[in-house]
Amino acid sequence: MEDSGRTTVRKTVRSMAITAVAVMVILECAAAAEQLHKVGSRGWIPDYNYTDWLNQRHEHFYVGDWLLFVFDKHSYNVLEVNETNYENCNDQGFIKNITRGGRDVVQLTEARPYYFLSSGGYCWGGMKVAINVEDLAPAPAPASTKNVSPSNILSRQMIVLIAFCVAMAWFVLFL
Ligand SMILES: *[C@@H]1O[C@H](CO)[C@@H](O)[C@H](O)[C@H]1NC(C)=O
Ligand SMILES: *[C@@H]1O[C@H](CO)[C@@H](O)[C@H](O)[C@H]1NC(C)=O
Ligand SMILES: *[C@@H]1O[C@H](CO)[C@@H](O)[C@H](O)[C@H]1NC(C)=O
């Protein structure tokens with residue numbers, strides 16, 4: 001009786017461990033597919049050059065990625081603006097207000113440049129950032145673009161990544 005009890009415990013521990021590993025693999029794969037980028041090495045602060053920050057990092061931003069702005073919401077905010085208003089530090093007629101609690105995220109859903117700034121005059125001191133978002137898929141051939149929406153195009157990288165994740169999850173779950 002004692003033996004079968006011990007076996008049950010061992011089986012439970014084993015299946016819990018396998019589940020934990022499976023969850024980790026799935027989370028890792030999800031993280032690899034979609035990245036969260038924290039803006040600025042010290043967050044979203046005044047008197048900081050975000051252009052220099054970007055140039056130092058050589059980071060790529062892909063469609064589906066997220067930006068994280070960490071800031072003091074009592075002093076600063078995060079507004080998405082167009083290029084002209086980014087250049088001129090103009091917060092009038094902004095596109096989107098990202099500001100919520102001071103740890104705020106925004107998803108980059110299109111392959112285009114995104115422009116963000118803080119109002120209250122802080123933009124003039126450098127509190128603005130321009131993020132160029134790239135498509136994961138290579139540009140489609142012009143001739144065949146008619147009925148193909150960008151969301152239907154899965155890049156090779158993505159297919160390889162997904163196949164790898166499925167294989168790993170399968171391996172871990174049914175080992
Ligand atoms: C940028 O936004 C402002 C305010 O909404 C608008 O007046 C201006 O025409 C826009 N510029 C461009 C290039 O879209
Ligand atoms: C942006 O949204 C925040 C939170 O809802 C609000 O407190 C703030 O006034 C808004 N800012 C602008 C410029 O609309
Ligand atoms: C950031 O630094 C670059 C040079 O590295 C300069 O051209 C740019 O004007 C600076 N931006 C701000 C907002 O000071």
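Whatever order the structure lists ligands and atoms in, that order sets their numbers, starting from 1.
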Can you tell me which portion of Asn85 lies within the under-4.0 Å heavy-atom range of ligand 1? Options are side chain, backbone, both, or neither. side chain

Just distances here: any N/O of Asp52 and N/O of ligand 3 closer than 3.5 Å? yes

Protein residues that have a heavy atom under 4.0 Å from any atom of ligand 2, sorted by chain and number: Phe94, Asn97, Thr99, Arg100

So which of Phe71, Trp53, Phe116 actually passes side-chain contact (heavy atoms from CB on, under 4.5 Å) with Val39? Trp53

Quick check: Asn49 and ligand 3, any N/O pair under 3.5 Å apart? yes

Report the residues that fulfil side-chain hydrogen bond (donor to acceptor under 3.5 Å, both in side chains) with Thr99, sequence neighbours left out, ordered by chain and then residue number. Asn97

Thr109, Asn82, Val129 screened by side-chain contact (heavy atoms from CB on, under 4.5 Å) with Tyr114, the one that passes: Thr109

Show me the pairs that pass salt bridge (charged side-chain N to carboxylate O under 4.0 Å, His left out) and involve residues 50-63, at least two apart or across chains. Arg57-Glu59

Is the number of heavy atoms from other residues, nucleotides or ligands within 6.0 Å of CZ (Arg112) greater than 12? yes

Taking only residues two or more places apart in sequence or in another chain, which ones pass side-chain contact (heavy atoms from CB on, under 4.5 Å) with Trp124? Cys89

Run the numbers for me: atoms of ligand 3, each under 4.0 Å from some heavy atom of Gly126, listed by number. 13 (C)

Could you tell me how the ring of Trp44 sits relative to the ring of Tyr50: parallel (under 30°), tilted (30 to 60°) or perpendicular (over 60°)? tilted

Side chains of Ser75 and Tyr122, donor plus acceptor under 3.5 Å: no

